[in-house]
Chemist: 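Please read through the structure below; I'll follow up with questions.
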Amino acid sequence: MPFGESTLPWSVQSLLLTILLISLFFPFYITLIVLAVIFIILAFSNTLTATFLPQNSLQTVLWLALFYSFVIAVVSINFLGTIAAIGLFFAMALFSYYVKNVRPEFLEDIVNLSLVASFVVFLFAMMEHFNVIAEWDYTFISQMMAEEHPERVEATFFNPNYYAMMLEFFITFSMYKFFHTTSWSKRITCIFLALCNFVAVFYTGSRTTFLVLLAVLFVFFYIIGYKKQAIGSVVVLFSLIGIAMATGLFPRFDSIGWGLEDRVEIWLNALRGIKDHIWFGQGIMSYGHLASFYGYPFKTHAHNLLLDTLLNFGLIGSSLLILPLYRVAELLNAMRQYPQLRLKLALYCSLITCILVHGLTDVTIMWVQTAGLFFFVFLTAPNTLKKAEIEEATSSAMLASLEHQSYYK
């Protein structure tokens, strides 16, 4: 068998990926079990062999960043960071395979399945809110996971804030699907699902999500060319938020002051850790690792994406992310040249907006379910662009051939 050649046809691979996607909507330990099983199947079928060898400078830098995070965590005796780095090794291998092999049309399956799952999860969240069922119990894994969230739903996502980010993704998928179809029955379904997920946002108690949705609405409509609608949608949602605040419906409105004080305290603690470990960081989950040294309450992260990155990796480690971020910007800019990709570009940029804006007050993307769904969608972008480039090149060649034949008639 040739090196790196899979024994599995794409139909089987897509089935395995679909199963993994479905597992993201179950409690995270089920996702991890499914991930491990699928990883083993793909590995023994020779499907993952080539992914361990960097094919270009980007993959080389990503593997180097992963190795760096592992070494720094080990040297710093950061146990949780070491375990996380090992977990990312398997995720990196799997998604390296995914980005190389995924078919562009698989994106539609991801969006459709996610929207169906979002409604099932919504029903589960409503039952949780109205005390029909209890909050999911994770204490059989560890007593550290015994934290309860009164008056806030988390559904199957371990924490209300993780569910809130998933809701941001679901609402974005609804908008994408609304403009992707011409069937009004399907469009009405998209509106219904978007409203269900929007209602669920209130029950998560996440205040940041409303700011995220304001930004996402603007970005999505602006990119697809509806600039007036972009402004109008922001004004409408902002007005609805104002009404919710005035009527007391805005989640945890009475504790906004306390929430801001809590975030500022966490950020100051993070800045202290950054100052003391400015060059190399302490590895993934440094905030929790440093809690015992500085005497502040344990948190898994610094509740700010930029601060958490600098705290974890320092200036040297963080610099390894420059090339990947540049390549992402390069990819999105290249997609701008193809009008047929405008809607997909809006989807990808909106998901990135979710991460960046929510990252101002939390690091909810650093979780197996939120990160998993994001990468499932976003990593279809490179092959989507390649397909558009090939179609345009083929179309140009055919046109040139027809013109040549016409000239010599």
Chemist: What is the minimum heavy-atom distance between L48 and A93, and which atoms define it?
Modeler: CD2-O, 4.1 Å

Chemist: Could you please spell out the steps behind the side chain to side chain contact (heavy atoms under 4.5 Å, CB included) verdict for F173 and L347?
Modeler: CA-CA 7 Å; F173 293 165; L347 172 64; 3.8 Å; yes

Chemist: If I compare all heavy atoms of C354 with all of T172, which pair ends up nearest, and what's the gap?
Modeler: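 Closest pair (atom of C354, atom of T172, distance): SG-OG1, 4.1 Å.
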
Chemist: For the backbone of S185 and the side chain of T189, can you confirm whether one donor and one acceptor N or O come within less than 3.5 Å of each other?
Modeler: yes

Chemist: Is the backbone of F25 close enough, under 3.5 Å, to the side chain of T156 for a donor and an acceptor to pair up by distance?
Modeler: yes

Chemist: State, with a plain yes or no, whether a side-chain heavy atom of L107 is found less than 4.5 Å away from one of Y348.
Modeler: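 In short, these two side chains touch, coming nearer than 4.5 Å.
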
Chemist: Of all residues at least two apart in sequence or in a different chain, which pass the side-chain contact (heavy atoms from CB on, under 4.5 Å) check with I133?
Modeler: F124, M127, E128

Chemist: Within a radius of less than 6.0 Å around CD1 of I77, do more than 12 heavy atoms belonging to other residues, nucleotides or ligands occur?
Modeler: no

Chemist: Please set out all donor-acceptor pairs under 3.5 angstrom arising from side-chain atoms of residues 218-246, sequence neighbours excluded.
Modeler:
from : atom 1 : to   : atom 2 : distance (Å)
S233 : OG     : Q229 : O      : 3.0
S233 : OG     : A230 : O      : 2.9
S239 : OG     : V235 : O      : 2.8

Chemist: Less than 4.5 Å apart, side chain to side chain, heavy atoms only: is that true for D262 and H303?
Modeler: no

Chemist: In sequence, state the C-alpha distance, the side-chain angles, and the governing distance for S45 and T47, and then conclude on side chain to side chain donor-acceptor pair (under 3.5 Å).
Modeler: CA-CA 5 Å; S45 65; T47 306; 2.6 Å; yes

Chemist: For F375, is the CZ atom crowded, meaning more than 12 foreign heavy atoms sit under 6.0 Å from it?
Modeler: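 No, CZ of F375 has 12 or fewer neighbouring heavy atoms, counting only those of other groups under 6.0 Å.
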
Chemist: Tell me whether F26 at atom CZ has more than 12 heavy atoms from other residues, nucleotides or ligands lying less than 6.0 Å away.
Modeler: no

Chemist: What residues, two or more places apart in sequence or in another chain, satisfy ring pair (Phe, Tyr, Trp, His ring centres under 6.0 Å) together with Y29?
Modeler: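 Partners of Y29 by the ring pair (Phe, Tyr, Trp, His ring centres under 6.0 Å) criterion, ordered by chain and then number, come out as F140.
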
Chemist: Can you name the closest pair of heavy atoms from A85 and S69 and give their distance?
Modeler: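 Smallest heavy-atom distance, with atoms named: CB-OG, 3.9 Å.
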
Chemist: Going by side-chain contact (heavy atoms from CB on, under 4.5 Å), name the residues that satisfy it together with A65, two or more places apart in sequence or in a different chain.
Modeler: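 Scan of A65 (side-chain contact (heavy atoms from CB on, under 4.5 Å), adjacent residues dropped) gives L320.
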
Chemist: Taking distance alone, no hydrogens or angles, what donor-acceptor pairs closer than 3.5 Å link side-chain atoms of residues 326-340 to residues at least two apart or in another chain?
Modeler:
from : atom 1 : to   : atom 2 : distance (Å)
R327 : NH2    : S57  : OG     : 3.1
N333 : OD1    : R336 : NH1    : 2.8
Q337 : NE2    : N333 : O      : 3.2

Chemist: What about the rings of F170 and F198, do their centers lie closer together than 6.0 Å?
Modeler: no

Chemist: Determine whether a donor-acceptor pair (N or O, by modelled atom type, separation under 3.5 Å) exists between the side chain of T204 and the backbone of V201.
Modeler: yes

Chemist: Identify the residue among W136, F157, Y138 that makes a ring pair (Phe, Tyr, Trp, His ring centres under 6.0 Å) with F28.
Modeler: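 Exactly one candidate clears the test, Y138.
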
Chemist: When you look at L20 and Y98, which way does the side chain to side chain contact (heavy atoms under 4.5 Å, CB included) test go after all the steps?
Modeler: CA-CA 12 Å; L20 179 57; Y98 179 79; over 6 Å; no

Chemist: Any chance you could measure R272, atom CZ, to H277, atom NE2, to the nearest 0.5 Å?
Modeler: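 One gets 9.5 Å once the value is rounded to the nearest 0.5 Å.
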
Chemist: Once you round to the nearest 0.5 Å, how far does CD1 of I352 lie from CD1 of I365?
Modeler: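 Separation between the atoms: 10.5 Å.
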
Chemist: Which donor-acceptor pairs under 3.5 Å do the side chains of residues 158-169 make with protein atoms, sequence neighbours left out?
Modeler:
from : atom 1 : to   : atom 2 : distance (Å)
N159 : OD1    : N161 : N      : 2.7
N159 : OD1    : N161 : ND2    : 3.4
N161 : OD1    : R152 : NH2    : 2.8
N161 : ND2    : D362 : OD2    : 3.4
E168 : OE1    : H358 : ND1    : 3.3
E168 : OE2    : T209 : OG1    : 2.9
E168 : OE2    : H358 : ND1    : 2.7

Chemist: Side-chain contact, heavy-atom cut-off 4.5 Å: H301 with M366?
Modeler: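 Counting from C-beta outward, H301 and M366 never come under 4.5 Å.
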
Chemist: Any non-hydrogen side-chain atom of F89 less than 4.5 Å from a side-chain atom of F67?
Modeler: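 The answer is no; the side chains never approach within 4.5 Å.
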
Chemist: If I take atom CZ from residue F378 and atom SG from residue C349, how far apart are they, to the nearest 0.5 angstrom?
Modeler: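 Those atoms lie 8.0 Å apart.
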
Chemist: Sub-3.5 Å donor-acceptor pair from the side chain of N383 to the main-chain atoms of P104, do we have one?
Modeler: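 The answer is no, because no donor-acceptor pair under 3.5 Å joins these two groups.
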
Chemist: Mind listing the side-chain donor-acceptor pairs of residues 32-41 below 3.5 Å, one per line with the distance, residues two or more places apart or on another chain?
Modeler:
none

Chemist: For residues L385 and E389, determine if any side-chain heavy atom of one lies less than 4.5 Å from a side-chain heavy atom of the other.
Modeler: yes

Chemist: Nearest heavy-atom pair of L306 and N304: which atoms, and what distance?
Modeler: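 For L306 versus N304, the nearest heavy atoms are N-OD1, 3.1 Å.
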
Chemist: Tell me every residue that passes ring pair (Phe, Tyr, Trp, His ring centres under 6.0 Å) with F106, counting only those two or more places apart in sequence or in another chain.
Modeler: none

Chemist: Output all residues satisfying ring pair (Phe, Tyr, Trp, His ring centres under 6.0 Å) with F119, sequence neighbours left out; order by chain, then residue number.
Modeler: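 Applying ring pair (Phe, Tyr, Trp, His ring centres under 6.0 Å) to F119 gives F192.
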
Chemist: A side-chain contact here means heavy atoms from C-beta on lying under 4.5 Å apart; do V12 and P9 qualify?
Modeler: yes

Chemist: According to side-chain contact (heavy atoms from CB on, under 4.5 Å), who are the partners of I316, at least two apart in sequence or on a separate chain?
Modeler: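 Only Y68, W279, F280 meet the side-chain contact (heavy atoms from CB on, under 4.5 Å) criterion with I316.
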
Chemist: What are the two closest heavy atoms between S350 and V216, and how far apart are they?
Modeler: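 Heavy-atom minimum between the residues: O-CG2, 3.7 Å.
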
Chemist: Provide the full list of side-chain hydrogen bond (donor to acceptor under 3.5 Å, both in side chains) pairs with a residue in residues 111-124, sequence neighbours left out, each pair given once.
Modeler: N112-K177, S118-N197

Chemist: Would you say the side-chain atoms of T181 pair up with the backbone N or O of F178, donor to acceptor, closer than 3.5 Å?
Modeler: no

Chemist: Is there a side-chain contact between L21 and L113 (heavy atoms, below 4.5 Å)?
Modeler: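 Touching, per the 4.5 Å side-chain cut-off.
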
Chemist: Between OH of Y203 and CD of E151, what distance do you get to the nearest 0.5 Å?
Modeler: 11.0 Å

Chemist: State, with a plain yes or no, whether a side-chain heavy atom of F79 is found less than 4.5 Å away from one of I83.
Modeler: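 With C-beta onward as the side chain, the pair touches.
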
Chemist: Could you pull out the closest heavy-atom pair between F298 and T300, with the gap in Å?
Modeler: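 Between these two residues, the closest heavy atoms are CE2-CG2, 3.9 Å.
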
Chemist: Measuring from F90:CZ to F95:CZ, what's the distance to the nearest 0.5 Å?
Modeler: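 So the CZ of F90 and the CZ of F95 are separated by 14.5 Å.
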
Chemist: Y287 vs D308, test: side chain to side chain donor-acceptor pair (under 3.5 Å). Steps then yes/no.
Modeler: CA-CA 8 Å; Y287 191 91; D308 204 58; over 6 Å; no

Chemist: Check the pair T361 / L211 against side chain to side chain contact (heavy atoms under 4.5 Å, CB included), numbers first and verdict last.
Modeler: CA-CA 11 Å; T361 63; L211 177 63; over 6 Å; no

Chemist: Considering only residues two or more places apart or on different chains, which pairs with a residue in residues 84-97 satisfy side-chain hydrogen bond (donor to acceptor under 3.5 Å, both in side chains)?
Modeler: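 As it turns out, the side-chain hydrogen bond (donor to acceptor under 3.5 Å, both in side chains) pairs with a partner in residues 84-97, which skip direct neighbours, are Q13-Y97.
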
Chemist: Take R103 and S14, measure what side chain to side chain contact (heavy atoms under 4.5 Å, CB included) needs, and give me the verdict at the end.
Modeler: CA-CA 9 Å; R103 308 294 169 86; S14 63; over 6 Å; no

Chemist: Quick one: CD1 on I110 to CG on L115, what's the gap to the nearest 0.5 Å?
Modeler: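 That separation rounds to 12.0 Å.
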
